[in-house]
Amino acid sequence: MAPLDLASLNPEQRSAVVHRGGPLLVLAGAGSGKTRVIVHRIASLVEEGIPPWSILAVTFTNKAAGELRERVGRLLGGTGPSATPDRSAASDVRCSTFHSFGASLLRREAEAVGLTRDFTIYDEDDQLSLAKRLLREAGREADSAAARELLSAIDRIKNGAGDGAEVEDVLELCGRFERALRAANAVDFGDLLALPVRLFESRPDVLDRWRRRFRHVLVDEFQDTNVVQYRLLRLLCPTGADLCVVGDDDQSIYRWRGADVRHILGFEHDFANAQVVKLTQNYRSDGNVLAAAQAVIAKNPHRHDKTLWTERPSGAPLRLLSAQDERDEADRIAAELAELHSEGTVWSEMAVFYRINAQSRVLEEALRIARVPYVIVRGRSFYERAEIKDAVAYLRLMANPRSDVDLLRAIGAPPRGIGETTLERLSRHASAAGLCLFDALAEGELSRVEGLNAGSRGRLARFRDLVVELRAAAAESAGAAAEAAVVTSGLLERWASSSEPDAAERGENLRELVGAAREADERWASQPREAGEDLPEGGPLVRFLEEIALLGDADGEAGAERVSLMTLHAAKGLEFDAVFIAGMEEGIFPHSRALAFDPSREEAGGRGTESEEMAEERRLCYVGFTRARRRLFVACARMRALFGDLRFNPPSRFLGEIPAELFDALPSFESSPVRPYPGAPSANGITVDYSYDQSWRSPERSFPRRPPRPSPAPARPIGAMGLTVRHAVFGVGKVVSADGEGPDAKLTIRFPGVGEKRIVARFVTPI
DNA sequence: TGAGCGTCAATTAGC
DNA sequence: TTGACGCTCA
């Protein structure tokens with residue numbers, strides 16, 4: 001390995017890279033070369049002779065883990081102290097997400113937590129259906145609201161955010177949920193972290209083994225850690241001696257899903273002798289962009305004190321697009337995108353951010369009309385499609401037949417005449433006998449199920465034989481397993497023989513799944529690794545399933561020659577030459593939730609102390625702004641149709657916080673939609689009404705977007721004798737007689753070639 | 001079993 | 001306005 005070139009780092013970065021022997025907190029401002037520091041630090045550890053396999057780097061997303069792995073690989077160049085021809089030092093460094101680290105730990109220690117190595121990872125949908133089933137069995141209301149409520153309680157408890165005040169029967173249900181998961185040899189995402197913590201706390205011998213294994217731990221995006229993740233880190237690094245955490249409190253935007261900024265704010269308190277390094281030089285954005293971001297974030301209380309600076313020029317001024325309504329806003333964004341493109345900016349270097357997904361529709365429409373190619377960047381989608389989930393249910397059943405959730409899904413897709421009643425009888429027998437559903441399908445058991453008729457028993461037996469047959473195919477390869485799951489199960493045939501509009505696409509998706517499985521086989525064949533080192537154990541199918549469960553979706557990613565559309569949350573970690581932020585209005589961004597309990601409202605005209613929600617919105621704004629390298633466009637609309645009604649939102653307070661001189665031109669307020677509102681004057685004349693609150697909106701102030709339709713002409717009485725009508729199944733026929741009137745009237749209709757049918761009037765249309 | 005309809009709710013989202 | 005979901009009926 002060529003000696004590490006530390007001269008390419010700035011002094012702050014260098015000190016973060018070379019610091020040794022104590023806890024290290026790197027406060028890395030946006031665009032300050034954070035990943036660079038992590039990568040160089042890893043490389044420098046390896047250079048010192050630290051075994052690469054004893055280094056663990058944890059991130060939150062697969063994308064970040066992949067990028068880290070790739071960059072470490074590039075820097076270490078496939079050589080190093082422990083390198084042999086087929087094993088590079090870089091691939092020995094463990095770069096993984098919190099969850100995949102937890103998953104691989106659990107596969108290794110499965111028996112100790114009551115699992116086998118083939119355990120299944122349940123996603124939200126699986127959890128939801130399990131929760132519903134348990135609620136039903138407990139004789140409780142089992143709608144999805146109740147199930148969601150239960151799940152969020154479970155999640156709070158698992159993530160250590162429970163306040164200890166959970167009601168007795170909720171705890172009871174949580175217990176049932178856990179037992180059901182274990183009985184199914186399954187874990188949920190929360191367990192991937194909670195079980196390792198529990199294991200470490202109860203088994204010092206196991207903990208000791210893992211501590212010896214990973215001597216050097218690095219954590220990226222530390223401001224996003226939740227309580228359990230933090231506990232896991234503290235268990236693994238009790239003194240923090242070789243713990244290096246990197247993050248930016250100003251970019252903490254996931255409080256709502258359990259992240260706790262206090263971990264980064266209190267790091268120096270929790271770890272004695274912690275060294276703090278601040279990376280404040282920004283390499284990404286032009287001066288004006290950075291100044292705008294800085295102006296907004298500076299208004300937040302309780303920050304690690306740091307001010308970013310740049311050597312880059314001021315660059316182009318910001319531009320405010322103040323529009324009449326959301327259509328106008330979208331059109332103007334589209335026009336600016338087109339103009340930038342004509343000036344030479346490639347599509348993929350531009351992005352439009354919005355606060356809520358519902359905003360994307362109008363933007364999409366405008367971009368389509370303006371012929372601006374775009375892609376919506378979202379987390380996963382392929383593996384959330386119903387047909388794919390059906391196929392995956394088969395795959396998981398093949399790997400782990402104890403998974404009742406998967407059996408229940410697979411047994412109904414494609415429909416095979418096994419209904420609710422039959423399954424109810426089967427479940428009852430299974431739970432009475434203490435069996436999983438699959439075992440209840442065994443020959444000897446089926447005959448003991450109460451109330452089962454011969455037909456149902458036969459259908460159940462056939463399904464059991466199918467699963468047995470599929471399991472035989474599972475051992476071979478992921479590709480063979482997927483093909484069996486898709487073909488032998490009848491899933492593909494179901495869509496092939498369907499005339500539904502999206503049937504062809506669904507069939508294609510199933511084929512794509514098989515392709516993905518084959519690809520995975522090839523990938524593993526071409527990259528032999530240390531046994532189970534970075535990949536889950538348990539054969540190709542289990543490995544493929546874990547990849548599906550833990551990996552996001554590759555398609556829908558930014559990068560192609562298209563403009564990226566995404567929520568502000570999805571924008572974190574990305575950068576573009578030009579960034580547009582739509583909907584910069586009070587009630588949209590900042591979101592109305594953050595407005596609702598803002599105590600500042602009580603102070604006449606003043607901003608006062610803002611809520612923690614508002615602080616998070618402001619951080620989100622900071623994240624959005626700092627994604628831009630050169631151009632930043634902020635847009636707002638005077639009125640906006642959203643969720644079916646119309647609102648008049650004042651401009652966002654964040655707009656009011658940007659110094660006027662950073663804009664190219666501010667609209668003149670007399671003629672502009674951005675009119676001064678009564679309220680605090682701002683730095684730039686965009687006056688924001690801080691007392692604005694959408695809950696004030698009375699029904700009178702919201703009105704339908706479209707004028708009401710003219711009332712329909714009085715319909716001919718449908719029961720009129722001799723009337724010709726059309727029925728969806730029987731076709732066209734003539735009404736012979738009518739019993740009653742209105743849509744509920746029972747009509748006797750003669751259909752040529754079919755005969756007379758008695759049909760409720762509502763099911764036919766007069767022609 | 002599954003199509004169709006009425007009701008209800010509505011940030012943000014990763015593994 | 002969109003979409004998810006539960007209920008009803010052929």
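Predicted, not measured: the structure shown is a model, and the values here were computed from it. Numbers restart at 1 for each chain; the letters A, B, ... are given by sequence-line order, proteins then strands.
Residue Lys132(A) places at least one side-chain N or O under 4.0 Å from the OP1 or OP2 atom of dG6(C).
The salt bridge (Lys or Arg N to Asp or Glu O under 4.0 Å) check on Arg368(A) picks up Glu364(A), with sequence neighbours excluded. Listed by chain and residue number, nothing satisfies the salt bridge (Lys or Arg N to Asp or Glu O under 4.0 Å) test with Asp328(A) (two or more places apart in sequence, or in another chain).
Taking the P atom of each, dC5(C) and dT12(B) are spaced 16 Å apart, rounded to whole Å. Nucleotides dA4(C) and dA13(B) are separated by 15 Å at their P atoms, to the nearest Å.
Within 3.5 Å, a donor on the side chain of Glu124(A) pairs with an acceptor on the base of dC15(B), or the reverse.
For the pair Leu642(A) CG and dT1(C) P, the computed distance is 12 Å after rounding to whole Å. Remark: P of dA13(B) and CG of Asn226(A) are 18 Å apart, rounded to the nearest angstrom.
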Please list, for nucleotides 10-12 of chain B, all pairs of protein and nucleotide N/O atoms separated by less than 3.5 Å.
| residue | atom | partner | partner atom | Å |
| --- | --- | --- | --- | --- |
| dT11(B) | OP1 | Arg593(A) | NH2 | 3.2 |
| dT11(B) | O4' | His591(A) | NE2 | 3.4 |
| dT12(B) | OP1 | Asn357(A) | N | 2.7 |
| dT12(B) | OP1 | Asn357(A) | ND2 | 3.1 |
| dT12(B) | O4' | Arg355(A) | NH1 | 3.1 |
| dT12(B) | O2 | Trp256(A) | NE1 | 3.3 |
| dT12(B) | O2 | Arg355(A) | NH2 | 3.2 |
| dT12(B) | O2 | His569(A) | NE2 | 3.3 |

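You'll find the ring centres of His99(A) and Phe60(A) outside the 6.0 Å limit. Aromatic ring centres of Phe353(A) and Phe580(A) lie farther apart than the 6.0 Å criterion allows.
For Glu420(A) and Tyr254(A), each mapped to the nucleotide of DNA chain B holding its nearest heavy atom, the one lying further toward the 5' end belongs to Glu420(A). In terms of position along DNA chain B, the nucleotide closest to Thr421(A) lies nearer the 5' end than the nucleotide closest to the other residue of the pair Thr421(A) and Phe98(A).
In summary, of the residues considered (Arg640(A), Arg355(A), Arg653(A)), a side chain to side chain donor-acceptor pair (under 3.5 Å) with Glu585(A) occurs for Arg640(A) alone.
With distances taken from any side-chain atom of Pro415(A) to the nucleotides dA13(B), dC15(B), dG2(B), the minimum falls on dG2(B).
Taking a cutoff of 4.0 Å between a charged side-chain nitrogen and a carboxylate oxygen, Glu384(A) and Lys389(A) do not qualify as a salt bridge.
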